[in-house]
Amino acid sequence: MHKRTLMKDFVEELKWRGMIHDQMPGVVDYLKEGMGTAYVGIDPTADSLHIGHLVSVMMLKHFQVCGHKPIVVMGGATGMIGDPSGKSEERNLLDEETLRHNQESIKEQLKSFLDFDSSETNAALMTNNYDWMKDFSFLSFIRDVGKHLTVNYMMAKDSVKKRLSGEANEGMSFTEFTYQLVQGYDFLHLYQNYNCRLQMGGSDQWGNITTGTELIRRKTGGSAFALTCPLITKADGGKFGKTETGNIWLDPAKTSPYAFYQFWLNTSDEDAEKYIKIFTLLDQETIEKLTARHREEPHMRLLQKSLAEELTIMVHSEEEYNSAVEASQILFGKGTADTLQKLSESMFLSIFEGVPLEEISRAQLEAGIPVLEFASDIAKAFTSRGEARRMVKDNGLSINKEKVGEDLIIGTQHLLNNRYILVQKGKKNFYIVRVA
RNA sequence: GGGGAGAUUCCAGAGCGGUUAAACGGGGCAGACUGUAAAUCUGUUGGCUAAGCCUUCGGAGGUUCGAAUCCUCCUCUCCCCA
């Protein structure tokens, strides 16, 4: 509980975790002076963070743990423009109401990571650049901000160069070209109002961040710094944080805690070694021990389990974590069919929370329904009966965890808790039918 | 504005006028193996009241006993020249 007295060196901390891609000279010295202030930007494009945001958030987390003051800047203004770094397409404007709603939801989520408690001197702070940009007139902006940087300087940025010369040769609108100035101004604003002298972000943000430090230098003569982390990759080349079903969100309504837990649990060995350093707060010694053990007995998947545990507890809760583990054991463990029968209704529901659910009338069930029809038409596990037929032939369909044949008739005797029937396609796809 | 190429089932890409629900590959899904992994191997991949039937090859017409394959028009895409 007295972490602050044993203040860790922030840069050293990020270094061993492999979270530093690049930094401007002077960062270390700046942070040695005492409590520093740093910010990262987050686009409020949705009312929830997804795990792609987690790296920046963890940087802030470590920053705060090391005794410094983190600021989150919601990109209410910048989010409207679209960052030319990367392939982002033209953004839609969000109306102010949505913006505020998203900001509030995200702040709620950030509370699991950062301490916003105002009694602490290094309490985290949340701001929105929409607030200081919305009334900034175009004329003022080009006089006060645009004047200080040359187009030559701005054009030298990779993000711009790529768009102007690249094979893609899509060109770039003036709006997008201006993006770095707007983001740069954010930094200046924070520098002047909160004495914030460090901006962090993914390595793709380097160019934008340095525009900010340059602006600060030219306009105020002060010095500010940049620190970026490597982009998170997957060993197989896929995009991190995406699954077939889409983004992994922190919002339990968008991604159930069970799915969240499963995502981390399914990390590949290679990635797990990287991720555990980036996404958990476990200390170096613990991680090194875990990694060593994991290499000896990789099938135990110690790293994946720790990763999933740490993250699920941090983002959701210990209870959610426990039920995710329990659910996983029932779904993938041994005591399948029997355990399933013994589950209480509430347990059953919490395990299968988020699993697609369809309803059926009791009368319909009493009459009896052929499995194929049941699995495709009722449970919607298949798009057609032909597909269901094939799957059954391949031994890929289970009802209540038991493989079934084509001729089975589903009736009330299959009900669990007198109310549910579990349909399973292959190993990992579950569907539930409930008596209405 | 002139000239050329093309549009095929999730993608990519074949396709003598009949034997083509449409090759090969990728992806997806499933099975085996395993660590709920990777790799590998196997099966499958339009629908149905299923040894049969129905709907598909950019759109609309036409030729033909019969068309994804031939003709006409339309729409869209790409390339080259000005």
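A note on names: the letters A, B, ... follow the listed sequences, proteins ahead of strands, and every chain is numbered from 1.
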Gap separating the [atom1] atom of [X] from the [atom2] atom of [Y], nearest 0.5 angstrom:
X      : Y      : atom1 : atom2 : value
A:T312 : A:L307 : OG1   : CG    : 8.5 Å
A:L416 : A:L340 : CG    : CG    : 5.0 Å
A:M200 : A:L14  : CE    : CG    : 7.0 Å
A:F374 : A:L397 : CZ    : CG    : 10.0 Å
A:C66  : A:E12  : SG    : CD    : 10.5 Å

Protein-nucleotide distance ([X], atom [atom1]; [N], atom [atom2]), rounded to Å:
X      : N     : atom1 : atom2 : value
A:K393 : B:A50 : NZ    : C1'   : 11 Å
A:R295 : B:A38 : CZ    : P     : 20 Å
A:H299 : B:C33 : NE2   : C1'   : 16 Å
A:Q424 : B:A30 : CD    : C1'   : 12 Å
A:L331 : B:U36 : CG    : C1'   : 10 Å
A:K428 : B:G31 : NZ    : C1'   : 14 Å
A:M300 : B:U34 : CE    : P     : 16 Å
A:L397 : B:U44 : CG    : P     : 19 Å

Charged N to carboxylate O under 4.0 angstrom, A:E285 versus A:K289? yes
Salt bridge present between A:K15 and A:D9 (N-O < 4.0 angstrom): no
[N] and [M]: how far apart are their [atom1] atoms, nearest whole angstrom?
N     : M     : atom1 : answer
B:G13 : B:C74 : P     : 27 Å
B:G66 : B:U75 : C1'   : 28 Å
B:U9  : B:A68 : C1'   : 11 Å
B:A51 : B:C71 : C1'   : 39 Å
B:G3  : B:C73 : P     : 15 Å
B:A21 : B:C54 : P     : 12 Å
B:A50 : B:C65 : P     : 35 Å
B:C53 : B:A5  : P     : 40 Å

Do side-chain atoms of A:Q64 reach the backbone of A:N122 as a donor and acceptor pair under 3.5 angstrom? yes
With a 6.0 Å cut-off on the ring centroids, do A:F352 and A:Y420 count as close? no
Pairs where residues 267-315 of chain A contributes a residue and the test ring pair (Phe, Tyr, Trp, His ring centres under 6.0 Å) is met, not counting sequence neighbours: A:F240-A:Y275, A:F240-A:F279, A:W264-A:F279, A:Y275-A:F279
Please list residues of residues 367-388 of chain A whose heavy atoms come under 4.0 Å from any atom in RNA chain B, ordered by number; otherwise none. A:S384, A:R385, A:G386
What residues from residues 301-325 of chain A pass a heavy-atom cutoff of under 4.0 Å to RNA chain B? A:R301, A:Q304
For A:N266 and A:G426, find the nucleotide of RNA chain B closest to each by heavy atoms; which residue's nucleotide sits nearer the 5' end? A:G426
At 4.0 Å (heavy atoms only), tell me whether A:E297 reaches a base, stays on the sugar-phosphate, or touches nothing. nothing
Counting any heavy atom closer than 4.0 Å, what does A:N395 reach on the DNA or RNA strands: base, sugar-phosphate only, or nothing? sugar-phosphate
Considering only [options], which nucleotide approaches the side chain of [X] most closely?
X      : options             : value
A:D394 : B:G35, B:G43, B:U34 : B:G43
A:L265 : B:A50, B:U36, B:G35 : B:U36
A:R390 : B:G35, B:G31, B:U45 : B:U45
A:N429 : B:G35, B:A30, B:A32 : B:A30

So, using ring-ring contact (aromatic ring centres under 6.0 Å, His included) as the criterion, who are the partners of A:F382 when residues are at least two apart? none
Verdict with reasoning, A:D377 to A:R385, per salt bridge (charged side-chain N to carboxylate O under 4.0 Å, His left out): CA-CA 8 Å; A:D377 296 4; A:R385 284 192 210 171; 2.4 Å; yes
Those residues that, when tested against A:Y431, pass side-chain hydrogen bond (donor to acceptor under 3.5 Å, both in side chains) (two or more places apart): none
RNA chain B in dot-bracket, Watson-Crick or G-U pairs under 3.5 Å, [ ] crossing, | other strand? (((((((..((......[......))((((((.......))))))(((...)))...(((((..]....)))))))))))).
